[in-house]
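These notes concern the structure reproduced below.
Note that the structure is a prediction, hence the values are computed from the model and not measured.
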Amino acid sequence: MARQLRLSLHTPPCWDREAFAPSPTNVQALAALDAWPAWPEGRLALVGPAGTGKTHLARDWARRHGAVEIKATRRGGPPLDLASLRGLPLLVEDADRRAEGDLVDDEALFHLINMAGVDGGSLLLTGRLAPVAWEAAVPDLRSRLNALSVARIEEPDDIVLEAVLRRGFEAAGIRPSADLYPYLLARMPRSAPAALAAVAALDEAAIEQGREVTRALAVAVLDFGEDGEEEE
């Protein structure tokens with residue numbers, strides 16, 4: 001019953017700018033996105049480590065400006081109707097991982113980049129790596145990627161990691177003790193995936209043991225490679 005109750009409290013993510021945690025690590029990305037539609041040639045690549053807010057910012061930008069998200073143009077599917085997209089703001093997420101799954105192929109991406117800046121159109125791409133490191137089987141695509149303007153989100157600081165933790169706990173319907181955040185931030189690996197892994201481990205342990213999510217539970221459950229701290 002406790003597990004069913006916890007699952008029923010899970011909430012969908014909110015992509016509004018107001019729910020984003022600004023910090024020195026993402027100030028350049030925020031400024032670049034807010035400069036739209038004055039992007040060089042109507043193009044911008046938003047890059048940064050996993051879990052640091054690329055999707056959050058991209059989807060907020062798309063919502064605010066009515067952008068069309070381009071999701072799938074792989075072989076065997078319907079061709080991309082480029083004419084219908086001319087002059088519109090467009091979004092392609094995970095553009096650096098096009099070979100993984102049903103994502104935009106090289107030829108389609110080449111045409112989308114060329115079309116950006118024409119008749120008021122624009123293109124926002126997201127990826128973990130800078131465009132110069134993206135694979136490109138189409139020769140002309142390589143030069144287009146190398147020329148893209150880049151907005152970078154850096155490795156997360158405490159502001160971002162605490163926001164990731166808070167969103168993770170909120171999505172799971174958990175209200176942790178206030179002293180849990182400084183404890184986790186001082187000890188966990190410095191990445192958003194590590195923060196979410198800590199949330200998941202504490203969620204599972206709290207359900208299995210029938211306990212509240214507290215610092216004491218974290219001491220008992222999470223292994224950060226430290227010795228000497230006893231469970232409270």
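- For residues 188-197, every residue pair satisfying the salt bridge (charged side-chain N to carboxylate O under 4.0 Å, His left out) rule, not counting sequence neighbours, is listed here: Asp158-Arg190.
- In this structure the side chain of Leu165 reaches within 4.5 angstrom of the side chain of Leu185, judged on heavy atoms.
- Aromatic ring pairs are classed by plane angle as parallel below 30°, tilted from 30° to 60° and perpendicular above 60°; the pair Trp15 and His56 is perpendicular.
- Using a 4.5 Å cut-off on side-chain heavy atoms (C-beta onward), Pro24 and Ile159 make contact.
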Sequence neighbours excluded and cut-off under 3.5 Å, please list the side-chain donor-acceptor pairs for residues 62-70, or say none.
from, atom 1, to, atom 2, distance (Å)
Arg63, NE, Asp16, OD1, 3.4
Arg63, NH2, Asp60, OD1, 3.0
Arg64, NE, Asp60, OD2, 2.8
Arg64, NH2, Asp60, OD2, 3.3

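- The backbone N or O of Ala31 sits nowhere less than 3.5 Å from a side-chain atom of Asp34 that would complete a donor-acceptor pair.
- The salt bridge (Lys or Arg N to Asp or Glu O under 4.0 Å) check on Arg166 picks up Glu162, with sequence neighbours excluded.
- Scanning for salt bridge (Lys or Arg N to Asp or Glu O under 4.0 Å) contacts around Glu41 gives Arg43, with sequence neighbours left out.
- For the ring-ring contact (aromatic ring centres under 6.0 Å, His included) test, no residue two or more places apart in sequence or in another chain qualifies with Phe110.
- In terms of the salt bridge (Lys or Arg N to Asp or Glu O under 4.0 Å) criterion, residue partners of Asp119 (sequence neighbours excluded) are, by chain and number, Arg86.
- Among all heavy-atom pairs drawn from Gly42 and Ala116, the shortest one is O-CB, 3.7 Å.
- Taking both residues in full, the closest heavy atoms of Pro131 and Ala45 are given as CG-CB, 3.5 Å, listed atom of the first, atom of the second, then distance.
- Checked against side chain to side chain contact (heavy atoms under 4.5 Å, CB included), Ala130 has the following partners two or more places apart in sequence or in another chain: Val132, Arg152.
- Counting only residues at least two apart or in different chains, side chain to side chain donor-acceptor pair (under 3.5 Å) contacts with residues 130-143 comprise Arg142-Asn146.
- Between Lys54 and Val47, the shortest heavy-atom contact is CD-C, 3.8 Å.
- Between Pro37 and Ser122, every side-chain heavy-atom pair lies at or beyond the 4.5 Å cut-off.
- Membership of the apolar cluster around Leu57 extends to Phe20, Leu30, Leu33, Trp36, Trp39, Leu44, Leu46, Trp61, Leu91, Leu124, Ile153, as traced through chained side-chain contacts below 4.5 Å between ILVMFWY residues.
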Next item on the list: Kindly determine whether Leu161 and Met188 satisfy side-chain contact (heavy atoms from CB on, under 4.5 Å), including the steps that lead there.
Entry: CA-CA 10 Å; Leu161 289 174; Met188 70 181 191; 3.9 Å; yes
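- Legend: residues meeting ring-ring contact (aromatic ring centres under 6.0 Å, His included) with His111, ordered by chain and number and at least two apart, are absent.
- Leu90 and Val118 sit in two unconnected hydrophobic clusters of ILVMFWY residues. Membership requires side-chain heavy atoms under 4.5 Å apart, directly or through other members.
- With hydrogens and angles ignored, the 3.5 Å screen pairs a side-chain donor or acceptor of Asp105 with a backbone N or O of Ala108.
- Pairing each heavy atom of Pro156 with each of Ser191, the nearest pair is CG-CA, 4.1 Å.
- When side chains are defined from C-beta on, Leu125 counts as touching Leu148, because their heavy atoms get closer than 4.5 Å.
- Once rounded to the nearest 0.5 Å, the distance linking CD of Glu212 with CG of Leu217 reads 9.5 Å.
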Next item on the list: For the pair Val213 and Asp203, evaluate side-chain contact (heavy atoms from CB on, under 4.5 Å) and give the outcome as yes or no after the intermediate values.
Entry: CA-CA 7 Å; Val213 176; Asp203 185 15; over 6 Å; no
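- For the pair Ala192 and Ala50, the tightest heavy-atom approach, listed with the atom from each and the gap, is CB-O, 3.6 Å.
- Salt bridge Arg59/Glu93: present, at least one basic N to carboxylate O contact under 4.0 Å.
- Between the CZ atom of Arg215 and the CG atom of Asp179 there is a distance of 6.0 Å, given to the nearest 0.5 Å.
- Inter-residue side-chain proximity for Thr25 and Thr52 is flagged as unmet; no heavy-atom pair is nearer than 4.5 Å.
- To the nearest 0.5 Å, the span separating CZ on Arg97 from OG1 on Thr126 amounts to 8.0 Å.
- In terms of the salt bridge (Lys or Arg N to Asp or Glu O under 4.0 Å) criterion, Arg128 has no residue partners (sequence neighbours excluded).
- When all heavy atoms of Val221 and Ala205 are compared, the closest pair comes out as CG2-CB, 3.6 Å.
- Looking at Leu180 and Leu202, their side chains come closer than 4.5 Å, going by heavy atoms from C-beta outward.
- With rounding to the nearest 0.5 angstrom, the CD atom of Gln28 is 7.5 Å from the CD atom of Glu154.
- Applying the side chain to side chain contact (heavy atoms under 4.5 Å, CB included) rule to Val138 yields the partners Asp106, Leu141; only residues at least two apart in sequence or on another chain are considered.
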Margin query: If you apply the rule side-chain contact (heavy atoms from CB on, under 4.5 Å), what do you find for Leu196 with Val164, and how did you get there?
Written below: CA-CA 7 Å; Leu196 293 176; Val164 172; 3.7 Å; yes
Next item on the list: Report the C-alpha distance between Asp81 and Leu85 in whole Å, list the side-chain angles of each, state the deciding distance to 0.1 Å, and finish with yes or no for side-chain contact (heavy atoms from CB on, under 4.5 Å).
Entry: CA-CA 7 Å; Asp81 185 0; Leu85 301 173; 5.8 Å; no
